[in-house]
Chemist: 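Sharing a structure below in structure tokens format, with a few things to ask.
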Amino acid sequence: LRGTSQAAAAWSACHADCSSATPKIDLVWSESTDGGASFGHAQVIVDGTAGGATYPQNWYPSIVWASATTRYITYTAETLGDGVYTVQLRTGSGTP
């Protein structure tokens, strides 16, 4: 939440190979300017297919909405098969 009227949500969503043991998981983001009554078009902020074999699965987003135009999102990226994880940080800017 930011102020009394802005809200946002980030979540993990399957992008490809969803029924397999090795799905490609995106992180998706959407913002609201009316207190959560409606949300804008969801935007992919991390594309699981772009991570290739290195980090195709992206989980557990946390948001820090630092100012009206800056957002920080941390998340866990996972490799396939060997259970290697890394914490990532994305910075975004703009207005809803």
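The analysis underlying the following values was restricted to heavy atoms, covering all of them including side chains, and did not include hydrogens, waters or symmetry mates.
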Chemist: Does the pair Val87 and Tyr75 meet the rule for a side chain to side chain contact (heavy atoms under 4.5 Å, CB included), with working shown?
Modeler: CA-CA 6 Å; Val87 175; Tyr75 61 97; over 6 Å; no
Chemist: Work out which heavy atom in Ala7 is nearest to a heavy atom in Trp65; give both atom names and the distance.
Modeler: C-CZ3, 3.7 Å
Chemist: Minimum heavy-atom separation for Pro61 to Ile73, with atom names?
Modeler: CB-CG2, 4.1 Å
Chemist: Looking at every heavy atom in both Ser30 and Gly40, which two are closest together, and how far apart are they?
Modeler: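 Taking every non-hydrogen atom into account, OG-O, 2.7 Å.
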Chemist: Looking only at heavy atoms, what is the nearest atom pair of Ala9 and Ile63, with distance?
Modeler: C-CD1, 4.0 Å
Chemist: Within the 4.5 Å heavy-atom criterion, are Pro23 and Gln57 side-chain neighbours or not?
Modeler: yes
Chemist: Indicate the atoms forming the closest heavy-atom contact of Asp34 with Ser32, along with that distance.
Modeler: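 Asp34 and Ser32 have their closest heavy atoms at OD1-OG, 2.7 Å.
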Chemist: Mark yes when over 12 heavy atoms from residues, nucleotides or ligands other than Tyr60 sit less than 6.0 Å from its OH; otherwise mark no.
Modeler: no
Chemist: Side chain to side chain contact (heavy atoms under 4.5 Å, CB included) between Arg90 and Val46: does it pass, once the steps are laid out?
Modeler: CA-CA 9 Å; Arg90 298 281 178 172; Val46 179; 3.6 Å; yes
Chemist: Does Ser20 use its side chain to pair, donor to acceptor, with the backbone of Asp17 at less than 3.5 Å?
Modeler: yes
Chemist: Might you work through the side chain to side chain contact (heavy atoms under 4.5 Å, CB included) test for Gln43 and Glu31, ending with a clear yes or no?
Modeler: CA-CA 9 Å; Gln43 300 174 27; Glu31 293 183 19; over 6 Å; no
Chemist: Do you know which two heavy atoms are closest between Ala16 and Thr49, and how far apart they sit?
Modeler: CB-CG2, 4.0 Å
Chemist: Step by step, work out the side chain to side chain contact (heavy atoms under 4.5 Å, CB included) result for Asp47 and His15.
Modeler: CA-CA 8 Å; Asp47 184 334; His15 180 112; 3.8 Å; yes
Chemist: If you define the side chain from C-beta out and look only at heavy atoms, does anything of Trp59 sit under 4.5 Å from Ile25?
Modeler: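 Counting from C-beta outward, Trp59 and Ile25 do come under 4.5 Å.
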Chemist: Between the main-chain N or O of Asn58 and the side-chain N or O of Ser12, is there a donor-acceptor pair closer than 3.5 Å?
Modeler: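 Answer holds: yes.
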Chemist: Within a strict 4.5 Å, meaning less than it, do heavy atoms of the Ile45 and Val28 side chains meet?
Modeler: no
